[in-house]
Amino acid sequence: LLPIIAVGAWFSDVATSSHYGADIVNRDYSECLTWKRSNATDAAERAQRTCQRFEQQLTMYIGQHHKMNFESCAGSGNQAFNADCKLGLGWIGFRRDEISFLRFKYNTFEEYHEYLFKDSTYGAESLSVEVRLRLNTGHNLGCSESAGSTDYMFVPLIDELGIWCPDDIRISEKIWIQPQLLTGQQVAPIIFVFDQRPWMVRTAIYSIIQTFFICVILAAGAMVFSHDANTLVLQPIERMIALVEKIRDNPLYAMKVGDAAHREQQEEEDDEEEEDPQKARVWRRRLPTWCAWRRKEVKPQSLETKILENAIVKLGKLLALGFGEAGSEIIVKNMDDDSATVNAMIPGNKVEAVFGFCDILHFTDTTEVLQDKVMVFVNQVAEIVHGIADEWHGAANRNNGQAFLIVWRMSEDFKPVLRSKMCDMSVVAFTEMYAAINKSAVLKDYREHPALLARIPNYRVRMCFGLHYGWAIEGAIGSDFKIDASYLSPHVNVASRLEACTQQYQVPICISEDLQKLCSKEMERSFRAIDRVTLKGVSSLPIRLFSVDLSGENLGGDYYGHRASKDGSDNIFEIRRLREKAKDAKMQDSFRVHRVFENSYDVKKMRKDYTLHFFHEFAKGFFNYEAGEWDVAREVFERTREMLTHLDGPSKALLEFMELHNFDASHATPKGWPGYRELAPV
């Protein structure tokens with residue numbers, strides 16, 4: 001309940017002592033006037049008696065209603081809030097035309113006060129000396145002022161500088177009290193004016209408190225309502241807008257957002273499942289009792305804004321997965337457009353990159369044997385290929401059945417050192433892919449597949465790789481019905497042909513001369529020049545072919561389950577975090593890619609058959625081959641062909657080519673030996 005903050009309501013609605021007292025004083029005052037005007041023989045005696053009673057009642061009225069002149073009642077605040085302080089009777093008004101009161105005539109104010117309030121703690125000194133002197137002597141008695149149409153002489157009971165008449169204070173700060181027991185036409189001969197300034201201060205203070213209280217309630221309510229609105233509507237919308245902006249700037253960012261959102265959801269679920277051990281034991285005891293109830297429990301539904309936010313994350317991730325790095329420009333340009341139309345057929349961009357093709361050998365036979373399980377097989381291989389490519393800053397682009405296109409895109413601001421590092425990374429990535437395919441415990445099971453062994457003796461999953469550096473047009477290929485974001489260029493075809501060349505030379509990885517020139521000098525030492533050719537139907541310019549010599553059979557029984565468990569962790573989010581951290585470390589200036597290749601345990605095992613003497617011998621034979629000295633080259637290649645634990649593929653291929661021309665370089669072409677040959681596809 002709010003306190004009464006308008007003191008005037010008591011005077012207007014409820015009869016108080018000020019009203020009752022005014023009637024008593026007015027009655028005695030009227031009798032006093034009547035007997036003073038009377039011509040009766042005892043009029044003087046009766047007038048004295050009634051006027052004395054009037055003075056006594058007036059003293060009673062003043063004593064009961066004038067504010068106390070005490071220290072505790074000093075100030076309007078104390079006057080308003082201190083219960084010991086009475087109301088502030090400020091003025092007593094007498095009709096000017098009937099005034100007979102000039103002073104206390106029969107007794108002094110102090111004498112009346114002592115008689116009436118002798119047992120009270122309040123004495124006559126509650127009125128100031130000047131006010132008491134004014135009442136006793138009649139000097140400087142008061143001021144004239146009109147109340148309505150009647151003139152009154154007001155006796156001031158307030159001893160304040162600048163306050164003499166009722167008009168000296170505002171209308172709202174005073175209240176007029178007149179007798180109630182009057183006839184309709186009768187004018188009150190006496191009225192009282194109360195000073196309400198202390199009460200106005202109290203009213204103002206209560207109003208301020210009430211206003212402050214209402215403001216607090218409104219602010220608290222607004223905060224509660226705004227919190228729900230912010231939490232359930234505004235913040236999710238702001239997050240969605242920020243998410244769309246980030247995806248528009250970098251479409252591949254959606255991959256990280258999806259992982260982060262999934263991780264947060266997983267952590268929330270894990271936190272809910274964590275229980276105190278004692279609580280867990282209690283629940284295990286109660287489980288049979290609550291089993292039926294638990295079956296009926298309904299999983300709480302997600303908020304619509306959360307569902308929409310998750311939908312945006314999933315759509316962004318699917319866009320990134322579907323279009324890849326090559327399609328990022330398509331996403332950016334379409335999201336920059338404010339219209340709802342989609343224009344996927346945008347002009348392509350010319351980019352420079354390392355293009356790598358990977359191919360699964362014996363794929364046709366594998367498909368015929370595995371049938372509907374071939375998708376699982378391809379995805380198992382793709383998990384290895386794409387994962388390692390991502391670790392070494394490559395981007396998976398196109399999957400054509402058994403073939404995978406991996407791209408190491410060069411930005412325009414890449415310096416030569418960084419371009420060389422990216423080329424080295426592509427070589428190391430393909431080397432690790434080759435090792436991982438041979439070491440995978442998942443793919444190892446196919447070596448024991450009865451149907452595959454019956455079709456292909458000693459079957460094992462094998463892949464071959466081709467790497468080339470050049471330019472390509474990046475963009476959308478297709479129509480409004482279906483598009484693929486990929487690369488078009490003769491250089492992409494060269495990479496594809498190099499992958500096919502691995503079968504002709506029986507090497508796992510074939511590298512073009514363009515890529516070899518961009519690799520670091522330390523990495524170049526790991527390459528072997530195996531031929532100089534023109535690729536029929538692709539390029540008429542002669543290029544040297546290089547191989548990275550590896551033997552997967554040397555890895556033996558070093559198998560592992562999946563790449564997630566290779567470092568001992570099965571948390572997919574932790575693995576991706578560590579992968580991103582490792583990717584950032586690879587781009588540091590202090591990181592040397594060739595050291596990874598040289599210090600790799602798997603690379604050392606796969607290259608242990610390739611001795612330095614073998615490389616020197618083959619290089620001698622290759623130089624003579626290029627120079628047209630095929631007799632010398634024949635002798636050298638026949639030796640290098642048998643120097644390994646298996647037949648050396650490049651030595652065998654070059655010997656077979658020279659044999660077609662009777663080991664006479666002049667018969668290679670009608671114009672003689674140009675130092676290279678035309679290599680037709682198999």
Side-chain angles (χ1 to χ4, degrees), residues 464-470 490-491 493-519 521 524-551 607 609-682:
C464 50
F465 306 86
L467 278 171
H468 177 64
Y469 180 87
H491 296 280
N493 297 334
V494 170
S496 178
R497 283 294 305 276
L498 292 178
E499 177 271 316
C501 290
T502 58
Q503 297 305 298
Q504 295 177 263
Y505 294 97
Q506 297 180 14
V507 293
I509 303 175
C510 188
I511 299 173
S512 69
E513 186 177 6
D514 294 330
L515 179 64
Q516 178 262 341
K517 290 179 179 179
L518 287 175
C519 288
K521 298 299 181 183
E524 281 186 30
R525 291 197 293 264
S526 302
F527 303 159
R528 174 169 57 137
I530 59 175
D531 208 346
R532 188 164 183 259
V533 300
T534 60
L535 299 175
K536 186 176 181 180
V538 176
S539 175
S540 59
L541 297 176
I543 60 171
R544 279 194 177 91
L545 303 183
F546 295 83
S547 71
V548 179
D549 296 303
L550 304 168
S551 178
R607 289 175 65 86
D609 295 336
Y610 297 90
T611 63
L612 187 61
H613 174 64
F614 168 79
F615 286 122
H616 286 168
E617 283 291 307
F618 186 88
K620 181 172 66 174
F622 183 73
F623 290 147
N624 283 277
Y625 164 75
E626 278 193 318
E629 301 295 334
W630 286 9
D631 291 337
V632 179
R634 175 184 180 182
E635 295 178 2
V636 175
F637 287 150
E638 286 178 348
R639 291 198 303 271
T640 57
R641 182 179 57 184
E642 307 295 335
M643 289 179 67
L644 305 175
T645 56
H646 57 277
L647 292 179
D648 180 48
S651 300
K652 180 174 177 291
L654 295 180
L655 285 172
E656 290 176 352
F657 170 70
M658 291 187 291
E659 185 178 5
L660 292 176
H661 303 285
N662 297 320
F663 297 98
D664 187 352
S666 61
H667 296 163
T669 65
K671 295 182 180 181
W673 171 242
Y676 59 88
R677 66 183 177 120
E678 183 182 70
L679 187 64
V682 178

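Heads up: numbering here begins at 1 and tracks the sequence. Both backbone and side-chain heavy atoms feed into the values below; hydrogens, waters and symmetry mates do not.
- Side-chain N or O atoms of Asn662 include none that pairs as donor or acceptor with a backbone N or O of Asp664 at under 3.5 Å.
- Within the model, atoms CZ of Arg528 and CZ of Phe614 stand 4.0 Å from one another, a figure rounded to the nearest 0.5 Å.
- To the nearest 0.5 angstrom, Leu518 atom CG is 9.5 Å from Glu524 atom CD.
- Distance CD1/Ile543 to CG/Leu535: 4.5 Å, rounded to 0.5 Å.
- With rounding to the nearest 0.5 angstrom, the NE2 atom of His491 is 12.0 Å from the CG atom of Leu498.
- Proximity of Glu513 to Leu545: side-chain heavy atoms (C-beta onward) are nowhere separated by under 4.5 Å.
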Could you check Asp514 against Ser512 for side-chain hydrogen bond (donor to acceptor under 3.5 Å, both in side chains), going step by step and ending with a plain yes or no? CA-CA 5 Å; Asp514 294 330; Ser512 69; 4.8 Å; no
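- Remark: aromatic rings of Trp630 and Phe637 are distant, center separation not under 6.0 Å.
- A distance of 8.5 Å separates CG of Leu515 from NE2 of His468, quoted to the nearest 0.5 Å.
- With a 4.5 Å cut-off on side-chain heavy atoms, His646 and Gln506 do not count as touching.
- Ser551 and Asp609 form no side-chain donor-acceptor contact under 3.5 Å, judged by distance and modelled atom types alone.
- Gln504 is listed as a side-chain neighbour of Cys501, based on a closest heavy-atom distance under 4.5 Å.
- Legend: residues meeting ring pair (Phe, Tyr, Trp, His ring centres under 6.0 Å) with His661, ordered by chain and number and at least two apart, are Phe657.
- Counted within 6.0 Å of CD on Glu638, heavy atoms from surrounding residues, nucleotides or ligands total more than 12; the atom is thus considered enclosed.
- The salt bridge (charged side-chain N to carboxylate O under 4.0 Å, His left out) test applied to Glu617 returns Lys620, Arg639, not counting sequence neighbours.
- Applying the ring pair (Phe, Tyr, Trp, His ring centres under 6.0 Å) test to Phe546 and every residue at least two apart in sequence or in another chain returns nothing.
- Among all heavy-atom pairs drawn from Ala665 and Gly628, the shortest one is CB-O, 3.4 Å.
- For the pair Tyr610/Leu644, a side-chain contact is recorded, criterion being any heavy-atom separation below 4.5 Å from C-beta on.
- Annotation: side chain of Tyr625 is not in contact with side chain of Arg532 (no heavy-atom distance under 4.5 Å).
- At a threshold of 4.5 Å between non-hydrogen side-chain atoms, the residues Phe618 and Leu654 count as touching.
- Few gaps surround CZ on Phe663; more than 12 heavy atoms of other groups in view lie less than 6.0 Å from it.
- Side-chain contact between Phe622 and Arg544 is present, with heavy atoms from C-beta onward closer than 4.5 Å.
- The closest donor-acceptor contact from the side chain of Arg497 to the backbone of Lys536 lies under 3.5 Å.
- The structure places OG1 of Thr640 at 14.0 Å from NE2 of His616, a figure rounded to the nearest 0.5 Å.
- Residues Arg677 and Asp531 have side chains in contact (heavy-atom distance under 4.5 Å, counting atoms from C-beta outward).
- Donor-acceptor pairing under 3.5 Å is recorded for the side chains of Asp549 and Ser547.
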